[in-house]
Amino acid sequence: MINRRIALAGLLGAIALPVRAQPLAYRITPEKIAEGLWVVRGVDAPIAMANGGAIANITILATEAGTVLVDCGPSLRYGNALRHAAEALTGKPVVRLYLTHLHPDHIYAAAAFAPGIVAATPQLATLLKSEGAGFSDGMYRLLGDWMRGTEFTPPGTILAADHETFGTRRLRLLPLAGHSPADLAILDEASGTLIAGDLVFHDRAPSTPHADLAKWHTALKTLAALGHKCVVPGHGPIDPTPTAAIDQTRDWLDWVTATLRAAVAAGEDNVAAGNVAIPARFATLQSARYELQRSVSHFYPGLEAELMPRIDAKR
């Protein structure tokens with residue numbers, strides 16, 4: 001017969017047994033969108049523990065010279081998984097990794113690759129030298145063990161030409177700015193696919209932490225005129241048309257700008273500005289309220305200084 005003491009001891013022992021957690025692992029699922037071109041879709045959400053920061057779209061290209069990647073994800077763990085998946089898919093090693101801009105969901109997985117194959121424009125390389133490592137603490141706080149072992153790896157190749165060719169695959173390189181101070185878009189001439197980085201969002205509200213809206217509009221105008229067939233946005237689903245995602249990105253930015261200027265002119269505080277009604281045409285955009293409120297924090301102080309100067313300021 002089991003007495004109460006034995007039963008209690010057994011219960012406590014069971015409670016004290018360590019629980020073996022499942023190892024963290026990213027699921028890399030490439031989606032073919034053109035011959036020799038695949039996209040690994042990011043989660044259409046903010047960076048969070050639940051998604052491991054895997055929110056950016058990553059492009060894989062097969063060439064006779066080897067595998068080419070555009071952007072690489074948020075962590076060493078992601079980079080290792082991406083490299084293995086990409087090389088298994090194409091049968092060839094990764095020979096080039098392009099970084100499109102400085103944001104950490106796109107760059108920290110570069111730690112999984114030899115620095116010499118990691119490439120950036122001169123403008124982005126300079127920016128990454130001063131800013132690239134600065135996101136690390138925030139990423140570790142947000143993602144914890146997903147980031148284990150991740151250290152920022154600066155690019156080892158600085159892009160000087162307006163294109164690179166791998167075997168018969170020619171990639172046109174488009175240094176631009178607007179979403180950040182240094183953005184890179186890439187046109188795969190073989191398939192007519194524009195890999196736009198975060199200059200273009202699709203059915204996901206654009207983020208604006210380093211945005212210059214005037215330059216962003218200029219960049220979108222440049223992209224719209226390329227004559228491409230489809231668009232891989234930095235976030236959101238692939239756009240099978242040349243300009244729907246570009247137009248949607250421009251429309252959101254125009255609306256945010258006009259809305260925030262009107263709120264400042266009406267004397268609204270930033271809380272009220274972040275809670276304005278979002279038009280029905282943006283109903284398909286993921287994270288719309290979240291990104292609107294972030295944009296308030298990014299732009300409101302400057303707009304208030306512009307539209308509501310101190311009465312004692314010199315004119």
Side-chain angles (χ1 to χ4, degrees), residues 26 28 30 37-40 42 53-63 65-90 92-136 139 146-167 169-177 179-188 195-199 210 232 234:
Y26 292 100
I28 307 294
L37 193 156
W38 298 262
V39 173
V40 181
I55 68 170
N57 292 337
I58 311 299
T59 304
I60 303 170
L61 298 111
T63 81
T67 303
V68 174
L69 302 176
V70 182
D71 287 328
C72 56
S75 66
L76 174 63
R77 190 188 301 267
Y78 188 96
N80 283 327
L82 175 64
R83 178 166 48 81
H84 290 311
E87 292 179 351
L89 185 66
T90 66
K92 294 187 177 181
V94 175
V95 296
R96 172 67 77 234
L97 163 58
Y98 293 106
L99 303 181
T100 63
H101 64 291
L102 80 163
H103 291 150
D105 51 316
H106 294 257
I107 65 171
Y108 270 100
F113 300 88
I117 71 171
V118 180
T121 63
Q123 297 87 348
L124 179 55
T126 298
L127 194 61
L128 289 172
K129 186 175 181 180
S130 61
E131 304 292 337
F135 296 107
S136 180
M139 290 293 282
W146 287 107
M147 293 294 292
R148 183 181 294 272
T150 304
E151 297 292 341
F152 174 69
T153 300
T157 295
I158 309 302
L159 299 167
D162 63 359
H163 73 279
E164 285 197 311
T165 302
F166 300 89
R169 197 151 209 151
R170 188 177 190 271
L171 303 176
R172 183 177 170 189
L173 308 178
L174 299 152
L176 297 164
H179 171 71
S180 76
D183 296 295
L184 174 66
I186 297 173
L187 178 62
D188 173 39
I195 306 164
D198 277 12
L199 286 167
H210 296 94
V232 179

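- Checked by atom type and distance alone, the side chain of Asp71 pairs as donor or acceptor with a backbone atom of Thr100 at under 3.5 Å.
- When all heavy atoms of Gly79 and Phe113 are compared, the pair lying nearest together is O-CZ, 3.8 Å.
- Not less than 6.0 angstrom separates the ring centroid of His101 from the ring centroid of His210.
- Under a 3.5 Å cut-off, the side chain of Glu87 and the backbone N or O of Val94 do form a donor-acceptor pair.
- Looking at every heavy atom in both residues, Leu176 comes nearest to Ala185 through CD1-CB, 4.4 Å.
- With hydrogens and angles disregarded, no donor-acceptor distance shorter than 3.5 Å links the side chain of Asp105 to the backbone of Pro74.
- In this structure, Leu128 and Pro154 have side chains that are not in contact, with every pair of non-hydrogen atoms separated by 4.5 Å or more.
- Of the residues Leu69, Ile195, Thr157, Leu173, the one that meets the side-chain contact (heavy atoms from CB on, under 4.5 Å) test with Tyr98 is Leu173.
- In this structure, the ring of Tyr26 has its center less than 6.0 angstrom from the ring center of Trp146.
- Tyr78 places no side-chain N or O within 3.5 Å of a backbone atom of Met147 that could act as its donor or acceptor partner.
- For CZ of Arg170, the number of neighbouring non-hydrogen atoms (other residues, nucleotides, ligands) closer than 6.0 Å is greater than 12.
- Residues Leu171 and Leu61 meet the side-chain proximity criterion, which asks for heavy atoms closer than 4.5 Å.
- The side-chain heavy atoms of Phe152 and Pro104, taken from C-beta on, include no pair separated by under 4.5 Å.
- The minimum heavy-atom distance between Pro30 and Leu89, with the atom names listed, is CB-CD2, 3.9 Å.
- Separating the CG atom in Leu97 from the CD1 atom in Ile107 is a distance of 10.5 Å, to the nearest 0.5 Å.
- In terms of heavy atoms, Cys72 sits closest to Ala109 at O-CB, 2.9 Å.
- Of all heavy-atom pairs spanning Gly134 and Tyr108, the tightest one is N-OH, 4.3 Å.
- For the pair Leu37 and Arg169, the minimum side-chain heavy-atom distance is below 4.5 Å.
- With rounding to the nearest 0.5 Å, the separation of CD1 in Ile186 from NE2 in His163 is 13.0 Å.
- Taking the side chain as every heavy atom from C-beta outward, Met139 and Thr150 never approach each other to under 4.5 Å.
- Of all heavy-atom pairs between Leu76 and Gly149, the closest is CD2-O, 3.5 Å.
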Worked check of side-chain contact (heavy atoms from CB on, under 4.5 Å) between Thr59 and Asp188: CA-CA 11 Å; Thr59 304; Asp188 173 39; over 6 Å; no
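- With rounding to the nearest 0.5 Å, the separation of CD in Glu131 from CG in Leu124 is 11.5 Å.
- No donor-acceptor pair under 3.5 Å is formed between the side chain of Asn80 and the backbone N or O of Arg77.
- Leu159 is listed as a side-chain neighbour of Leu184, based on a closest heavy-atom distance under 4.5 Å.
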